[in-house]
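Start at 1 with the first residue, then count along the sequence.
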Amino acid sequence: MPHIWSSLIMPCVAVSGARYATIVHDASTHPGDYRSGTAKFLLDRAATQADVIFTLTKVEGNKLAANKKLQHIRQEVLFLPDISFEKPQIAATRKIGEPLRLLFMGRIMPYKGLTLLTDALELLRSRGIQFEVGIYGEGNISNEASRLERLGATVVNRWLSDDELANLLPSYHAIVLSHIEASQSGIVSIALGNGLPVVATPVGGLVEQIEHNVSGLIAKRIDAAALADAIEKLATNAKLYDSICRTINNSKKKRSVKQFVRLCVEKGKCSNKSTKT
């Protein structure tokens, strides 16, 4: 991943004969992202100096391909590997008749769609679907605070450490992503790395990370009713839930960091540069 100082040391890398490969996580800034224009300029500048650019979804790769400043640089699509913790804990086993425990976590920014999620949860409550929800993350939730309280949501409105996340995940049955815009999500990688199904909206690279009815559920549309429908399906279809959990655990190798690094080396090879690293 590039750092804001990467572009300043790249001339030294080039002189040494080493290849420079960089990962571009986001081809464009998310709505409401607080990064400064200077930081984005420096990160983008590092990409223009690369020998090869890796993206983590085809969606972001297509965006970069349209960028005239980067069209001379070879681009390859990888994937975002599973993120587990040093001692990943076993995900919660859902018992028959137990409310579906949903987790929404990460930086709470406008594009994460917390309002959309709250609308969907209210619809589920009106339908009589039993659920519990936890909202964890740093960001402004003032617009939804009273509604979440009425829904009985557990809210922890701050940044969480890795240890806190590792201990939190086994308490939930599934993670929900109500994004209205996305590149790809590290939250999906955390979910899959810890055996949790994901329910998400059909935006950006989320549809590449989550295989519908296999590793999670993708809502039919980006609206509250469609998201509620997807959550309800997971909540009321025990066989589907169990099948998704088994599939996630049985397919970890193809989403592993080892596989990711292997592809980095394979796709990063370039015959017109030295083999220094």
Side-chain angles (χ1 to χ4, degrees), residues 1-4 6-7 21-48 50 52-71 73-83 103-117 137-139 159 165 175-193 196 198-212 215-219 221-223 227 230 254-255 257 259-260 263-264 267-268:
M1 296 293 285
H3 188 273
I4 57 172
S6 294
S7 67
T22 188
I23 296 172
V24 174
H25 191 282
D26 301 317
S28 56
T29 303
H30 295 298
D33 199 336
Y34 52 72
R35 285 184 297 183
S36 71
T38 301
K40 186 177 187 316
F41 168 79
L42 291 170
L43 293 173
D44 290 349
R45 186 177 179 219
T48 66
V52 58
I53 294 173
F54 294 131
T55 58
L56 304 175
T57 57
K58 294 177 182 177
V59 167
E60 295 306 292
N62 290 338
K63 290 180 185 178
L64 286 184
N67 187 332
K68 293 182 180 180
K69 293 181 180 180
L70 302 176
Q71 287 178 346
I73 301 172
R74 184 162 60 91
Q75 297 179 26
E76 299 283 353
V77 179
L78 298 177
F79 66 95
L80 189 56
D82 284 359
I83 299 172
L103 175 61
F104 174 98
M105 69 177 195
R107 293 188 306 163
I108 300 174
M109 303 183 71
Y111 73 94
K112 298 291 184 71
L114 182 57
T115 298
L116 176 62
L117 173 61
E138 182 182 50
W159 186 267
L165 285 176
I175 286 182
V176 59
L177 277 72
S178 49
H179 289 50
I180 58 175
E181 190 270 348
S183 48
Q184 59 278 312
S185 173
I187 302 301
V188 173
S189 292
I190 290 174
L192 299 181
L196 291 173
V198 181
V199 180
T201 46
V203 295
L206 299 185
V207 297
E208 297 178 47
Q209 287 185 279
I210 304 160
E211 191 174 354
H212 184 58
S215 57
L217 294 175
I218 301 291
R221 303 175 305 279
I222 311 169
D223 61 44
L227 183 59
K254 71 177 185 179
R255 301 187 309 270
V257 172
Q259 173 71 352
F260 177 79
L263 288 175
C264 279
K267 292 178 177 287

Quick one: side chain to side chain contact (heavy atoms under 4.5 Å, CB included) partners of [X], sequence neighbours excluded?
| X | result |
| --- | --- |
| Ser189 | Leu80, Ile83, Gln209 |
| Ile23 | Met1, Phe54, Leu56, Phe260 |
| Asn67 | Lys69, Leu70 |
| Val207 | Pro202, Ile218 |

For the residue pair [X] and [Y], what are the closest heavy atoms and their distance?
| X | Y | result |
| --- | --- | --- |
| Ala47 | Ile73 | O-CD1, 3.2 Å |
| Val198 | Ala191 | CG2-CB, 3.5 Å |
| Val199 | Ala230 | CG1-CB, 3.7 Å |
| Ile190 | Met105 | CG2-CE, 3.6 Å |
| Ile210 | Leu217 | CG2-N, 4.1 Å |
| Glu208 | Val59 | OE2-N, 3.0 Å |

Once rounded to the nearest 0.5 Å, what's the spacing between atom [atom1] of [X] and atom [atom2] of [Y]?
| X | Y | atom1 | atom2 | value |
| --- | --- | --- | --- | --- |
| Arg107 | Ile187 | CZ | CD1 | 10.0 Å |
| Leu165 | Trp159 | CG | CH2 | 9.0 Å |
| Glu76 | Ile53 | CD | CD1 | 11.0 Å |
| Glu181 | Met109 | CD | CE | 10.5 Å |

Among all residues two or more places apart in sequence or in another chain, which pass the side-chain hydrogen bond (donor to acceptor under 3.5 Å, both in side chains) test with [X]?
| X | answer |
| --- | --- |
| Thr48 | none |
| Thr201 | none |
| Asp223 | Arg221 |

| task | Answer yes or no: is there a donor N or O on one side and an acceptor on the other, between the side chain of Gln71 and the main chain of Ala65, under 3.5 Å? | result |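 Such a contact is found between Gln71 side chain and Ala65 backbone.
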| request: For the pair Ser178 (side chain) and Gly113 (backbone), establish whether a donor and an acceptor sit closer than 3.5 Å, ignoring hydrogens and angles. | output: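 Checked: pair present.
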| task | Check salt bridge (Lys or Arg N to Asp or Glu O under 4.0 Å) between Glu211 and all other residues, then give those that pass, not counting sequence neighbours. | result |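 Counting only residues at least two positions away or on another chain, Glu211 forms no salt bridge (Lys or Arg N to Asp or Glu O under 4.0 Å).
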| field | Counterpart residues, salt bridge (Lys or Arg N to Asp or Glu O under 4.0 Å), relative to Lys58 (two or more places apart) | value |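 For Lys58, no residue satisfies salt bridge (Lys or Arg N to Asp or Glu O under 4.0 Å) once neighbours in sequence are set aside.
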| query | Given Lys254 and Phe79, is the side-chain contact (heavy atoms from CB on, under 4.5 Å) satisfied, shown in steps? | reply | CA-CA 10 Å; Lys254 71 177 185 179; Phe79 66 95; over 6 Å; no
| query | Between Lys267 and Val52, is a side-chain contact (heavy atoms from CB on, under 4.5 Å) present by the stated rule, with each step listed? | reply | CA-CA 9 Å; Lys267 292 178 177 287; Val52 58; over 6 Å; no
| task | Answer whether the closest heavy-atom distance between the side chains of Asp26 and Gln184 falls below 4.5 Å. | result |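 A side-chain contact under 4.5 Å exists here.
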| said: Run the side-chain contact (heavy atoms from CB on, under 4.5 Å) test on Ile180 and Val203 for me, step by step, so that the C-alpha distance in whole Å, both residues' side-chain angles and the decisive distance to 0.1 Å come before the verdict. | reply: CA-CA 7 Å; Ile180 58 175; Val203 295; 5.8 Å; no
| said: Using side-chain contact (heavy atoms from CB on, under 4.5 Å), reason through Leu177 and Ser185 one step at a time and then give a plain yes or no. | reply: CA-CA 9 Å; Leu177 277 72; Ser185 173; 3.3 Å; yes
